[in-house]
Amino acid sequence: MSVRVRFAPSPTGQLHIGNVRTALYSWLWARQTGGAFVLRIEDTDEKRSTPEAVATVYESLRWLGLDWDEGPEAGGEHGPYLQSERKALYREHAEKLIAEGAAFRCYATREEIQALRADYEVRHGKGFRFRSPWRERTDGDPNAPHTVRFRAPSEGDTGWEDLVYGAVSYPNAEQQDFPLLRPNGLPLYNFGCFVDDLTMGITLVSRGDDHLVNTPQQLLLYRAWRAIAAGTEPPRFAHLPIVLGPDGKRFSKRHGAAAVLEYREKGYLPEAVLNYLARLGWSHGDEEIFTRDELVAKFAWENVGRSPSKYDLKKFEHVQATHLREKKSDAELAVLVAPHLAARGVEVAAEDPRLVAAIAPVKLRATTLPELAEGLDYFFRPDADLTYEAKGRRKFLTEESAPRLAHLAGLVEAAEPFDEPTLESAITAWMEREELAMKHVAQPARVALTGRTRSPGLYETLVLLGQARSVARLRRGATLASEAAEVSG
RNA sequence: GGCCCCAUCGUCUAGUGGUUAGGACAUCGGCCUCUCACGCCGGUAACAGGGGUUCGAAUCCCCUUGGGGUCACCA
């Protein structure tokens, strides 16, 4: 049977980094096996689900490149893919379970149950398990408001072989007569999940390990369903340890940067996000850096860890920087960085060969796309708009450096051809004659050329800037330096 | 508290009875050097504790401790 996996988020806010990891593992498995990745929206909590959050799910997944074969906006033969549109299906399945005796109509009100719970907790503390007085009655009016409940067993255990945790089992005595359908006809999580996974032909359910305790209930439903459809087999399950914040507490907004789209805003590469998240709780020997395709090829459930792991921004940044530096071509980066340059008021076409050429040295000094844009800025900003770091100007555009900058401008102007070797030999020959150290020339020149105290190497910068602009900026720097001399003199 | 799960450097992890316990991030030295990076070399740093099993345990079993999850007509 071919693999069918699903990602089933509840749209109650931003798509969270922890959820993305479960989506990623499922997606990797589907792509590796040639199976189907199904997206389903679990929006049965009317109070918390919003259309905006649904849109965020789509946008986040698309940005990451986790495409779905079936689901909202993609279609498929098992739709609809929003639980809120599948009410009839839940009702139908509930009725069959009632007819079979596996479920029953319960007329106990929420208040009655709360009262029982409160009473229990006063006596015994936590751990109330509801046994409905209606579980053996059939005299209720099917048209009166009621909850459909599962007639839970209290003997034995329910267990399964988890792809991550191995053998897991829960005592049935822990079960209560859990609700399937609310009076308004909307399913509760476990029932909706069961009906959907069953009807969508899901072969492997992968989700956070906070769902470990839900699995027995779903297994019980599959077992009951055999009376209706002989041969029904439950899917396999793979539970993933949750992601913890640096403080060891469950990762949340409180830790900052929990939402996927925040990484897009910060200028991270989706491949880097996927790489970091994949490695958080999964490994492939000593390898650290993976492209999306490599992840697809190398992912394996048996290498998924069982202990919760902590989110570490420093390592995340390292993975991001490595992808920026090594896994993207300069032409690809040019396309990605162009909008960030535009945001800084620097207009340059992504195809501009000068942009592509400047990326190689600058990307060694950047982690994110905005940082790349910052490092590229002065190459494309008009000379007149160039600004100077106050500290660099004060320290290097001095009376002493003014004549050197002027002379350097002349050397640059005379360089023919205008390339690094020619510039280097001309400049070093001059420095030797004048007994100047490199730092006495390069640092003032750097400030004059870039406005900064940090940049790629001098010869590299000159060539990238071009002869005319280099000469103009050096002359302007010389002027500023002599003005500084007048002020201080 | 009941039930369930987990436990190797600060962090992510490799390791499946015999290893000087490896790698990566971080950190600390050093090299390179016109700045900042990149890169390279090197250092510090871990099997939670206690019992077993075994000729031999990070690896298997038990207990303790610690951490996490869950106990909603939420998902």
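Protein chains get the first letters and strands the later ones, always in sequence-line order, with residue 1 at the start of each.
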For the pair made of [atom1] in [X] and [atom2] in [N], what is the distance, rounded to whole Å?
X: A:Y90; N: B:rC73; atom1: OH; atom2: C1'; value: 16 Å
X: A:N275; N: B:rC25; atom1: CG; atom2: P; value: 13 Å
X: A:L181; N: B:rC74; atom1: CG; atom2: P; value: 12 Å

Exercise. If we call it a pair only when both distances are under 3.5 Å in a Watson-Crick or G-U wobble match, what pairs with B:rG10?
Worked result: B:rC25
Exercise. Reckon A:H124 touches a base, only the sugar-phosphate, or nothing at all at heavy-atom distances under 4.0 Å?
Worked result: nothing
Exercise. Which part of the nucleic acid does A:R446 contact within heavy-atom distance under 4.0 Å: base, sugar-phosphate only, or nothing?
Worked result: base
For this session: Return no unless some side-chain N or O of A:K310 is found under 4.0 Å from OP1 or OP2 of B:rU11.
Result: yes
Problem set entry | Below 4.0 Å: OP1/OP2 of B:rA7 and any side-chain N or O of A:S307 | no
Problem set entry | A:F251 and A:H16 aromatic ring geometry - parallel, tilted or perpendicular at 30°/60° bounds | perpendicular
For this session: Ignoring hydrogens and angles, state whether a donor on the side chain of A:R446 or A:S455 is under 3.5 Å from an acceptor on the partner side chain.
Result: yes
Exercise. Which of these nucleotides, B:rC34, B:rC73, B:rU70, is closest to any side-chain atom of A:V213?
Worked result: B:rU70
Seminar exercise, completed: Checking B:rG23, B:rG2, B:rU13 against the side chain of A:S309 (C-beta onward), the nearest is B:rU13
